[in-house]
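Heads up, the thing below is written out as structure tokens.
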Amino acid sequence: HPTDAESTELWESDKKLVTDAALFLFDEVTPSFVNSMVDSIPADGEELTTLMHDAGINCRYLGRLAHLAKDVETTYETMKGIPQKALANHFRSLLESEIVARSAKHVLERYLRNPLKQANHNGAGGLIVTFLNALVSIGEETAREEELRLSKTSTPATTTADSISFFAEGLALSGVDDGKLSYAQVWDDITAEATKRFPGYALEFYGKSTTEKSRARALYLQLLRRVCSRSGIRIASKDYAFIPLRGKKNGCKFAYSSD
């Protein structure tokens, strides 16, 4: 802190400039950015963050943008037959997917630094696959469901490509307290990370407390691709088997073997 009158005056002047700039970004730039996305939205999270940076918006404001996007959705709620409504809905889905992807990266990094977690999942590879299970699943898998799934992988069913779960043989999510990751634990940690890093917005399309209606807006395939890209994970190009999860449309999995 300054110790003389001149330094104090300069300190107060600089502080005011920083405060004014932050308020301008928060009150003017972010709403303008969201409104501009109603007519033309980015294709994925990478393009979204590029556009944000071009507009001078740091990614820590993703929560602020998602909050504003929700307000825009409300504006178009009663309007029918206009493209802006669908664009506004998709833009918020994209924002929330990016929030989850960035939060998930930090959670996964924390898990990988824990040698006990690695040991409980047959190493880093098993831990990563189990984490991806939870990331794009909608619930735990029982031992019986795993057995049935593995017995049917020779005749995979088809399903929608934007709602998937990534399962490795022998590395299904744990529903008991055996030291392994569970669906609940992963999403508790991701939700907490998102709340800390992107304040002002609560996840609605991902996690334990979603409804079937809200979960339908989750961009699972984009989320998986974004998390892998940001975390340096490479998924082999294989003939993955798409299998419905508990008969529900939103949430299915493709079986994976480490062979």
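The first residue of the sequence shown is numbered 1, and numbering continues consecutively from there.
- Salt-bridge annotation for Arg102 and Glu46: absent, with no side-chain N of the basic residue lying under 4.0 Å from a carboxylate O of the acidic one.
- By the 4.5 Å heavy-atom criterion applied to side chains, Ile235 and Leu224 are counted as neighbours.
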Problem set entry | side chain to side chain contact (heavy atoms under 4.5 Å, CB included) evaluation trace for Arg217 with Arg92 | CA-CA 9 Å; Arg217 293 183 55 178; Arg92 184 157 74 102; 3.7 Å; yes
Exercise. Run the side chain to side chain contact (heavy atoms under 4.5 Å, CB included) check on Leu181 and His121 step by step: do they pass?
Worked result: CA-CA 8 Å; Leu181 291 178; His121 295 83; 3.8 Å; yes
For residues 14-29, please give each side-chain donor-acceptor pair under 3.5 Å, one per line with the distance, not counting sequence neighbours.
from: Lys16; atom 1: NZ; to: Asp20; atom 2: OD2; distance (Å): 2.8
from: Thr19; atom 1: OG1; to: Lys15; atom 2: O; distance (Å): 2.8

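- Rounded to the nearest 0.5 Å, atoms CD (Gln118) and CD1 (Ile128) are 8.0 Å apart.
- The salt bridge (Lys or Arg N to Asp or Glu O under 4.0 Å) test applied to Lys70 returns Glu204, not counting sequence neighbours.
- A 4.5 Å side-chain heavy-atom check between Val107 and Phe131 finds at least one atom pair inside the cut-off.
- For the ring pair (Phe, Tyr, Trp, His ring centres under 6.0 Å) condition, no pair includes a residue of residues 49-69, sequence neighbours left out.
- A donor-acceptor pair under 3.5 Å is absent between the side-chain atoms of Glu96 and the main chain of Leu203, judged by distance alone.
- A distance of 7.0 Å separates CZ in Arg226 from CG in Asp44, rounded to the nearest 0.5 Å.
- A donor-acceptor pair is defined here as one N or O able to donate and one able to accept, closer than 3.5 Å; such a pair exists between the side chain of Glu47 and the backbone of Ala43.
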Exercise answer: donor-acceptor pairs, residues 187-194 side-chain atoms, under 3.5 Å, sequence neighbours excluded:
from: Trp187; atom 1: NE1; to: Ala134; atom 2: O; distance (Å): 2.7
from: Asp188; atom 1: OD1; to: Lys208; atom 2: NZ; distance (Å): 2.8
from: Asp188; atom 1: OD2; to: Lys208; atom 2: NZ; distance (Å): 3.3
from: Asp189; atom 1: OD2; to: Tyr111; atom 2: OH; distance (Å): 2.4
from: Thr191; atom 1: OG1; to: Trp187; atom 2: O; distance (Å): 2.7
from: Glu193; atom 1: OE1; to: Arg110; atom 2: NH1; distance (Å): 3.3
from: Glu193; atom 1: OE2; to: Arg197; atom 2: NE; distance (Å): 2.5
from: Glu193; atom 1: OE2; to: Arg197; atom 2: NH2; distance (Å): 3.3

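- Looking at Ser229, its side chain never comes within 3.5 Å of a backbone N or O of Arg225 through a donor-acceptor pair.
- Under the 4.5 Å side-chain criterion, counting only non-hydrogen atoms from C-beta, Thr30 is not in contact with Val34.
- Remark: the backbone N or O of Asn89 is paired with a side-chain donor or acceptor of Ser93 at under 3.5 angstrom.
- Among all heavy-atom pairs drawn from Ile99 and Ala66, the shortest one is CD1-CB, 4.2 Å.
- Remark: Leu127 CG to Asn114 CG distance equals 8.5 Å, nearest 0.5 Å.
- Not a single salt bridge (Lys or Arg N to Asp or Glu O under 4.0 Å) links Lys213 to another residue, sequence neighbours left out.
- Contact between Phe33 and Ala55 at its shortest, heavy atoms only, is CD1-CB, 4.0 Å.
- Remark: side-chain polar atoms of Tyr201 are not paired, donor with acceptor, to backbone N or O of Leu65 under 3.5 angstrom.
- Shortest non-hydrogen contact noted between Leu51 and Pro42 is CD1-CB, 3.9 Å.
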For this session: Tell me, with the steps shown, if Leu87 and Met37 meet side chain to side chain contact (heavy atoms under 4.5 Å, CB included).
Result: CA-CA 8 Å; Leu87 289 172; Met37 293 294 105; over 6 Å; no
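- Residues Leu62 and Ile57 form no side-chain contact, since every pair of their non-hydrogen atoms from C-beta on lies 4.5 Å or further apart.
- Counting only heavy atoms from C-beta outward, the side chains of Glu9 and Glu12 never approach each other to under 4.5 Å.
- Residues passing the ring pair (Phe, Tyr, Trp, His ring centres under 6.0 Å) test with Tyr206, sequence neighbours excluded: Tyr220.
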Problem set entry | Evaluation steps, side chain to side chain contact (heavy atoms under 4.5 Å, CB included), between Arg64 and Leu68 | CA-CA 6 Å; Arg64 167 66 174 167; Leu68 292 171; 3.6 Å; yes
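- Nearest heavy atoms, Ala101 versus Val227: CA-CG2, 3.7 Å.
- Across Gly45 and Glu98, no two heavy atoms sit closer than the pair CA-OE1, 3.3 Å.
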